[in-house]
Amino acid sequence: MAIQAKTPSFHFSHTFHSPSPMPASLSLLFGPLRSMSMASKPQRIRKSLELVTCKSNPNDNQQDYLIDAPESVGDGFSFSGGKYSDEPSQSDEWFKKGKMVRAHGVAGSGEKAKDPIFGLTMGVSSQTSADVFRWFCVESGSADKHPVILIHGFPSQAYSYRKVLPVLSKDYHAITFDWLGFGFSDKPQPGYGFDYTLGEYVSSLESLINELAISKVSLVVQGYFSPVVVKYALSHQEKLNNLILLNPPLTAKHANLPSTLSIFSNFLLGEIFAQDPLRASDKALTSCGPYKMKEDDAMVYRRPYLTSGSSGFALNAISRAMKKELKTYVEDMQMILTDKNWNVQTTVFWGQRDRWLNYDGVEDFCKDSNHKLVELPMAGHHVQEDRGEELGQLISKVISKRSQI
């Protein structure tokens, strides 16, 4: 779908920035997330996420992350443009709502990450934590209520659930997060502590949920990360009240990435396209359904790609892992969901205007596996973007069992 607003002009540079000053309205005032002095690891919690609050005020010395750093701290892979004014942006406001949660140990030798093209040491936003990864999480609703974790798909961000959160928060403790490699969470270079394999995503999800100290939870997951979450759920059925899948890859025809995403796995061309915010965010979100992106929302999705090359390199790695492993994970998910020992109440929500995943076979699968199917005629692949409020109401009904759909 065509974007309903003008798009910024981008300039890509490596190891140096243009000597010509940009106008204030286009200068890169929101440089990469900069790690400041890290506080000691917070205690495990059982209620609200009383952790590191995200801020964007560069004068606050108590913060751990700075999202409006000067361009001079960039890692060499940065774009000029992407912020039209010095006024607070939608991305700033979303960031302020979040907490940084530390979960899943960093593997590897601790060596400083280098970019995969020139072999030069990356800047701070492309370097991971020394010991434990940082995840950007947003919560809404009372911590005393049943927790519902909303998990975004590939490629997307926690921001995609912004319309769902306020609906669910009326009756539940709703939590969403950015996967490693996405949004405001850590984006380690492949080979430097995290390689973005689907198996690593399974184990890292376990670490995150354990860090949140949630004993019983409902999980909602969208798109191509569904097989990862189902694999996690297989070993933790006792922790789950409900599992809700939003347009998951259920059939053999779904086991291949669409060309819009598989292009990022290509040698060299994939590296180039993954550094283009319009391809990496706008096109990926608007080519798979009826979603028409507003400019303020587009800037939230573009921001990670505008501030650092680490987002693009992570996208390359995830695309290659998906291309290699998705077929096996889809087959495993099919077996898990149809196994007689599967005891988790499972519901499939399907946006029928999905341009990536064909509806053929979905109804038969749900019927054969005895899982409820809820159809959303006006939604596409990213159901939460197309019909956020409606989706929130439907999720609430499924979990509460107060009414039949």
Side-chain angles (χ1 to χ4, degrees), residues 1-5 7 90-91 94 138 140 148-170 172 174 176-179 182-183 218-226 229 242-251 254 257-261 277-302 347-360 362-363 366 372-399 405:
M1 284 287 184
I3 308 302
Q4 294 185 318
T7 54
Q90 185 69 15
S91 186
W94 176 249
V138 177
S140 183
V148 181
I149 297 183
L150 306 167
I151 305 172
H152 72 78
F154 168 68
S156 188
Q157 296 179 31
Y159 183 72
S160 64
Y161 286 107
R162 65 196 178 279
K163 299 176 184 177
V164 180
L165 284 170
V167 178
L168 285 180
S169 65
K170 297 175 183 177
Y172 304 101
T176 187
F177 65 88
D178 287 328
W179 284 106
F182 294 91
S218 292
L219 298 181
V220 179
V221 56
Q222 187 268 332
Y224 290 104
F225 272 120
S226 297
V229 175
N242 290 270
L243 176 64
I244 297 177
L245 308 175
L246 312 178
N247 283 57
L250 284 176
T251 73
H254 297 164
L257 290 178
S259 59
T260 306
L261 302 182
L278 301 185
R279 281 186 175 270
S281 60
D282 294 40
K283 188 172 182 179
L285 288 169
T286 59
S287 66
C288 55
Y291 179 49
K292 295 182 179 180
M293 198 187 309
K294 297 179 180 179
E295 185 65 13
D296 285 347
D297 296 328
M299 289 309 301
V300 179
Y301 287 111
R302 294 171 192 160
T347 305
V348 175
F349 285 38
W350 197 270
Q352 293 185 303
R353 299 176 70 180
D354 191 333
R355 298 173 186 164
W356 284 352
L357 301 180
N358 196 292
Y359 184 67
D360 292 345
V362 172
E363 188 174 7
C366 292
K372 183 183 291 292
L373 173 64
V374 180
E375 299 173 353
L376 289 88
M378 301 306 295
H381 183 71
H382 295 282
V383 183
Q384 67 271 39
E385 287 284 9
D386 293 320
R387 309 293 293 184
E389 293 87 353
E390 179 184 0
L391 177 63
Q393 294 169 0
L394 292 172
I395 291 173
S396 182
K397 289 180 180 180
V398 167
I399 297 175
I405 296 179

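Nothing here was measured: the structure is a model prediction, and the numbers come from that model. Heavy atoms only: backbone and side chains are in, while hydrogens, waters and symmetry mates are out.
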Any side-chain heavy-atom pair from [X] and [Y] closer than 4.5 angstrom?
X      : Y      : answer
Met299 : Gln90  : no
Ile244 : Ser218 : no
Asp360 : Thr251 : no
Pro248 : Val348 : yes
Thr176 : Val164 : no
Leu168 : Leu150 : yes
His382 : His152 : no
Asp297 : Arg162 : yes

- Query: Is any NZ, NE, NH1 or NH2 atom of the basic residue among Lys292 and Glu385 found under 4.0 Å from an Asp or Glu carboxylate oxygen of the other?
  - Reply: no
- Task: Decide, yes or no, whether a salt bridge links Asp386 with Arg353 under the criterion of side-chain N to carboxylate O below 4.0 Å.
- Result: no
[X] to [Y] - nearest heavy-atom pair and separation:
X      : Y      : answer
Tyr161 : Ile151 : OH-O, 2.8 Å
Ala284 : Leu261 : CB-CD2, 4.2 Å
Asp178 : Gly183 : OD2-CA, 3.4 Å
Pro249 : Gly223 : CD-O, 3.3 Å

- Note on the structure: Sorted by chain and number, sequence neighbours left out, ring-ring contact (aromatic ring centres under 6.0 Å, His included) with Tyr301 holds for Tyr159
- Residues at least two apart in sequence or cross-chain that pass ring-ring contact (aromatic ring centres under 6.0 Å, His included) with His254, listed by chain then number, are Trp350
- Between the main-chain N or O of Leu278 and the side-chain N or O of Ser281, is there a donor-acceptor pair closer than 3.5 Å? no
- Query: In terms of heavy-atom contacts, does CD of Gln352 have more than 12 from other residues, nucleotides or ligands at under 6.0 Å?
  - Reply: yes
- List the steps, then state whether salt bridge (Lys or Arg N to Asp or Glu O under 4.0 Å) holds for Glu295 with Arg302. CA-CA 10 Å; Glu295 185 65 13; Arg302 294 171 192 160; 2.9 Å; yes
How far does [atom1] of [X] sit from [atom2] of [Y], to the nearest 0.5 angstrom?
X      : Y      : atom1 : atom2 : answer
Leu357 : Cys288 : CG    : SG    : 9.0 Å
Arg387 : Tyr291 : CZ    : OH    : 14.0 Å
Leu246 : Thr347 : CG    : OG1   : 10.5 Å
Lys163 : Glu390 : NZ    : CD    : 12.0 Å
Asp296 : Trp94  : CG    : CH2   : 14.5 Å
Tyr172 : Leu165 : OH    : CG    : 14.5 Å

- Among Ile395, Leu245, Val229, find the one that has a side-chain contact (heavy atoms from CB on, under 4.5 Å) with Val220. Ile395
- Query: Where does the angle between the aromatic ring planes of Tyr224 and Trp356 fall among parallel (under 30°), tilted (30 to 60°) and perpendicular (over 60°)?
  - Reply: tilted
- Message: Please enumerate all residues that pass side chain to side chain contact (heavy atoms under 4.5 Å, CB included) together with Pro166, with sequence neighbours excluded.
- Response: none
